[in-house]
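Working notes, beginning with the structure itself.
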Protein chains: 2
Amino acid sequence: MNMEAEALGAIGDHFRRARLAARLTQEQVANLAGISRPRYRDVETGSAAARTTTLINIARALGLEMMLVPQAMVPAIEALLHPETEDDRPAYSPQPESDDDSRPHR
Amino acid sequence: MNMEAEALGAIGDHFRRARLAARLTQEQVANLAGISRPRYRDVETGSAAARTTTLINIARALGLEMMLVPQAMVPAIEALLHPETEDDRPAYSPQPESDDDSRPHR
DNA sequence: TGACAATGATATGTTTAGGCATCATGGCCT
DNA sequence: AGGCCATGATGCCTAAACATATCATTGTCA
């Protein structure tokens, strides 16, 4: 349950870097995303888990897009995003995730 | 404000396809993601906007990963994901998004 | 035919994202 | 010094994401 906080913090950091790179204030991004400044601040500091629609709106305000991709494709996409850097986790990147569970699988 | 509903529906469809491909029931995915079945159903049908943490948990339960990527990179990533299919929107894919606004940009 | 599994759907209650208003702090001006 | 701007951080309130329980529908299989 605490690994979720890490994910939120990573996303917040990502947003913050994108915002500063775009030279926007928290208030401007909040307005673009249709939320209040205090709320956007909570998202950026990782102290709140925004709704999916809000996440998408913030991302787009910052020139980003939210995507769902197969875990196996993540490394290839990472390589595409930052060409010659070797290891550079995108923050909210996946844990190995030991996915064992009850699967009757029919 | 209604374009958000489309995005949610697209995400829900994406989840549903991934779930069926993995031969999992709604209840199994819900358990893996740590939410109730009725809630997962709402997400899958696009009638509810899950929180960011929940979105990540569901995605991982289905072998997917949530990523935030520059909008300019989306086409390249799409091409990477489905090699020779030509048009196949990932559902929540971006609107052209006329991003004009007040930017004092100092 | 009945039993079971999966999904759709509804109702009630709790938790939290979200808005709005407000104040404090720190930096940068002229 | 004072004033402005961006950010951090409260408080109270509403809306919506959650849980839990329950019932109906559909399909499959013995």
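Just so we're on the same page: letters track the sequence lines, and every chain starts at 1.
Ile58(B) has its side chain within reach of Ile35(B): a pair of non-hydrogen atoms, C-beta onward, lies under 4.5 Å apart.
For Arg19(A), no side-chain nitrogen or oxygen approaches OP1 or OP2 of dA6(D) to under 4.0 Å. OP1 or OP2 of dG8(D) lies within a sub-4.0 Å distance of a side-chain N or O belonging to Gln26(A).
One finds a salt bridge joining Glu44(B) and Arg16(B) here, because a Lys/Arg side-chain nitrogen approaches an Asp/Glu carboxylate oxygen to under 4.0 Å. A salt bridge links Asp42(A) and Arg39(A); the closest N-O separation between the charged side-chain nitrogens and carboxylate oxygens is under 4.0 Å.
Taking atom CD of Glu44(B) as the reference point, atom C1' of dG8(C) lies 12 Å away to the nearest angstrom. Nucleotide dA24(C) holds its C1' atom 12 Å from the CZ atom of Arg41(A), rounded to whole Å. Taking atom CG on Asp42(A) and atom P on dT15(C), their separation rounds to 19 Å, with Å as the unit. Taking atom CD on Gln28(B) and atom C1' on dT7(C), their separation rounds to 13 Å, with Å as the unit. Taking atom CD of residue Glu27(B) and atom P of nucleotide dG8(C), one finds them 13 Å apart after rounding to whole Å.
The CZ atom of Phe15(A) sits 12.5 Å away from the OG1 atom of Thr45(A) when rounded to the nearest 0.5 Å.
Shortest non-hydrogen contact noted between Leu62(A) and Arg19(A) is CD2-CA, 3.6 Å.
In terms of modelled atom types and a separation under 3.5 Å, the side chain of Thr53(B) and the main chain of Ala49(A) share no donor-acceptor contact.
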Grab the N/O contacts between the protein and nucleotides 16-21 of chain D below 3.5 Å, and write none if there aren't any.
unit_1, atom_1, unit_2, atom_2, d
dA16(D), O4', Arg51(A), NH2, 3.3
dA17(D), OP1, Ala49(B), N, 3.1
dA17(D), O5', Ala49(B), O, 3.3
dC18(D), OP1, Arg51(B), N, 3.4
dC18(D), OP1, Thr54(B), OG1, 2.7
dA19(D), OP1, Gly34(B), O, 3.1
dA19(D), OP1, Ser36(B), N, 2.9
dA19(D), OP2, Ser36(B), N, 2.5
dA19(D), OP2, Ser36(B), OG, 2.6

